[in-house]
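This report concerns only the one structure given below.
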Amino acid sequence: MTAEPSRSPVTEAVRSLEVRWIFPGQLEAAVAGWFARFPARTESREDTYLLNPQLRGLSVKVRGGGALEVKVYCGSPGILEAASRARGRMESWQKWSFPFSPLGSGSGDPAGWRPVRKHRRVSRFSLASGQLDARSPRLGEQPQCEVELTEVQTGGQDWWTLGFEATGPADLLPSELQATVALVFAQSLPGDMKPGPQDSRSYAEWLGQRPGAGSHAGT
């Protein structure tokens with residue numbers, strides 16, 4: 001008779017296929033209204049990203065002060081297109097999460113880390129019986145795609161981002177992502193805004209391109 005193994009505090013690796021667009025300035029009310037077509041939860045938090053040393057192919061952050069998240073970039077399968085309304089670079093990632101204590105009290109930010117304040121609106125979709133359903137189960141139970149519209153503040157500047165993250169069995173990720181993007185972009189963004197590959201990048205790549213962060217932090 002053997003003892004039951006202890007549970008590891010480290011989450012199992014999660015594979016994802018993602019596309020994200022990041023734009024300068026404050027989020028306009030018209031864009032928030034466009035996203036409000038779908039049920040969404042809201043949250044505000046501060047994530048802190050490691051930018052120095054530069055770890056090419058890795059994204060490392062402290063998520064909301066309570067978890068250390070490590071993501072490994074696994075390449076891009078190409079450009080995703082939503083009719084003529086959006087085009088963005090798909091990215092494949094593998095992610096682990098670890099329990100983590102705050103970086104520490106005291107004034108200022110730890111050297112090499114960049115805090116990013118986020119106000120997120122998140123909708124979750126699942127492909128069940130061939131149809132997308134916004135009332136999907138929790139992460140990991142079946143293939144699904146989270147869509148987030150997020151207001152971002154970092155370095156005294158305002159930005160906003162629209163991101164899609166499909167998770168589940170690897171062979172189902174492309175269809176899950178493409179179906180969700182097609183549904184969300186069935187209606188064009190206000191002002192005939194058309195997100196393109198030039199706006200498409202991960203948080204790690206974007207932050208690495210900000211002044212003072214170096215030119216290639218992550219992918």
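Because the structure is a prediction, the values reported are computed rather than measured.
Placement of I79 and F185 in two distinct hydrophobic clusters is found when ILVMFWY residues are connected by side-chain heavy-atom separations under 4.5 Å, directly or transitively. Both L58 and W113 are assigned to one and the same hydrophobic cluster, defined by single-linkage of ILVMFWY side chains at heavy-atom distances under 4.5 Å.
Two residues are said to be in side-chain contact when any heavy atoms from C-beta on lie closer than 4.5 Å; W93 and V72 fail this criterion. Contact of the Q178 side chain with the E81 side chain is not registered, since no non-hydrogen atoms from C-beta on lie closer than 4.5 Å. Two residues are said to be in side-chain contact when any heavy atoms from C-beta on lie closer than 4.5 Å; V152 and W160 fail this criterion. No side-chain heavy atom of R121 sits under 4.5 Å from any side-chain heavy atom of T150. You'll find the side chain of L68 stays beyond 4.5 Å of the side chain of S97, heavy atoms only.
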Legend entry - Working for side-chain contact (heavy atoms from CB on, under 4.5 Å), residues V147 and V122: CA-CA 6 Å; V147 187; V122 183; over 6 Å; no

Legend entry - Derivation and outcome, side-chain contact (heavy atoms from CB on, under 4.5 Å), residues T48 and V116: CA-CA 6 Å; T48 306; V116 179; over 6 Å; no

Inset, instruction - Kindly indicate, with the supporting measurements, whether the criterion side-chain contact (heavy atoms from CB on, under 4.5 Å) is fulfilled by Q187 and W34. - result: CA-CA 8 Å; Q187 179 177 321; W34 171 84; 3.6 Å; yes

Inset, instruction - Start with the C-alpha gap between F98 and V70, add the side-chain angles, then the distance that decides, and say whether side-chain contact (heavy atoms from CB on, under 4.5 Å) holds. - result: CA-CA 8 Å; F98 308 81; V70 179; 3.9 Å; yes

Inset, instruction - Begin from the C-alpha positions of Y203 and W159 and carry the test ring pair (Phe, Tyr, Trp, His ring centres under 6.0 Å) through to its verdict. - result: CA-CA 12 Å; Y203 274 118; W159 299 76; over 10 Å; no

Could you list the donor-acceptor pairs under 3.5 angstrom formed between side-chain atoms of residues 16-27 and any protein atom two or more places apart in sequence or on another chain?
unit_1	atom_1	unit_2	atom_2	d
S16	OG	E18	OE2	2.7
E18	OE1	K71	NZ	3.2
E18	OE2	K71	NZ	3.0
R20	NH1	E148	OE2	3.0
R20	NH1	T161	OG1	3.0
W21	NE1	R87	O	2.9
W21	NE1	G196	O	3.4
Q26	NE2	D158	OD2	3.3

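Side-chain N/O atoms of Q209 and R201 include a donor and acceptor closer than 3.5 Å. A donor-acceptor contact closer than 3.5 angstrom is absent between the side chains of R89 and S76.
Between L172 and P143, the shortest heavy-atom distance links the atoms CD1-CG, 3.4 Å. In terms of heavy-atom proximity, R15 sits nearest to S92 at NH2-OG, 3.2 Å. Smallest separation of non-hydrogen atoms from S123 and A40: OG-CB, 3.5 Å. Taking all atoms of both residues into account, the shortest heavy-atom contact from L51 to R114 is CD1-CB, 3.6 Å. In this structure, W206 and T154 approach most closely via the heavy-atom pair CH2-CG2, 3.7 Å. A pairwise comparison of heavy atoms in C145 and E176 identifies N-OE2, 3.8 Å as the closest pair.
Note that CG of L189 is 10.0 Å distant from CD of E28, once rounded to the nearest 0.5 Å. In this structure, R124 CZ and E146 CD are separated by 4.0 Å, a value rounded to the nearest 0.5 Å. In this structure, OG in S59 is found 7.0 Å from CD in E69, a value given to the nearest 0.5 Å. In this structure, L173 CG and M90 CE are separated by 11.0 Å, a value rounded to the nearest 0.5 Å. To the nearest 0.5 angstrom, Y73 atom OH is 8.5 Å from S202 atom OG. L149 CG to F38 CZ: the interatomic distance, rounded to the nearest 0.5 Å, is 11.5 Å.
Residues satisfying the side-chain contact (heavy atoms from CB on, under 4.5 Å) criterion with D47, sequence neighbours excluded, are R45, Y49, K61, R63, K118.
Enclosure of atom CD in Q153 by more than 12 non-hydrogen atoms of other residues, nucleotides or ligands within 6.0 angstrom is indicated.
Although no hydrogens or angles enter the test, the distance criterion places no donor-acceptor pair under 3.5 Å between the side chain of R85 and the main chain of A82.
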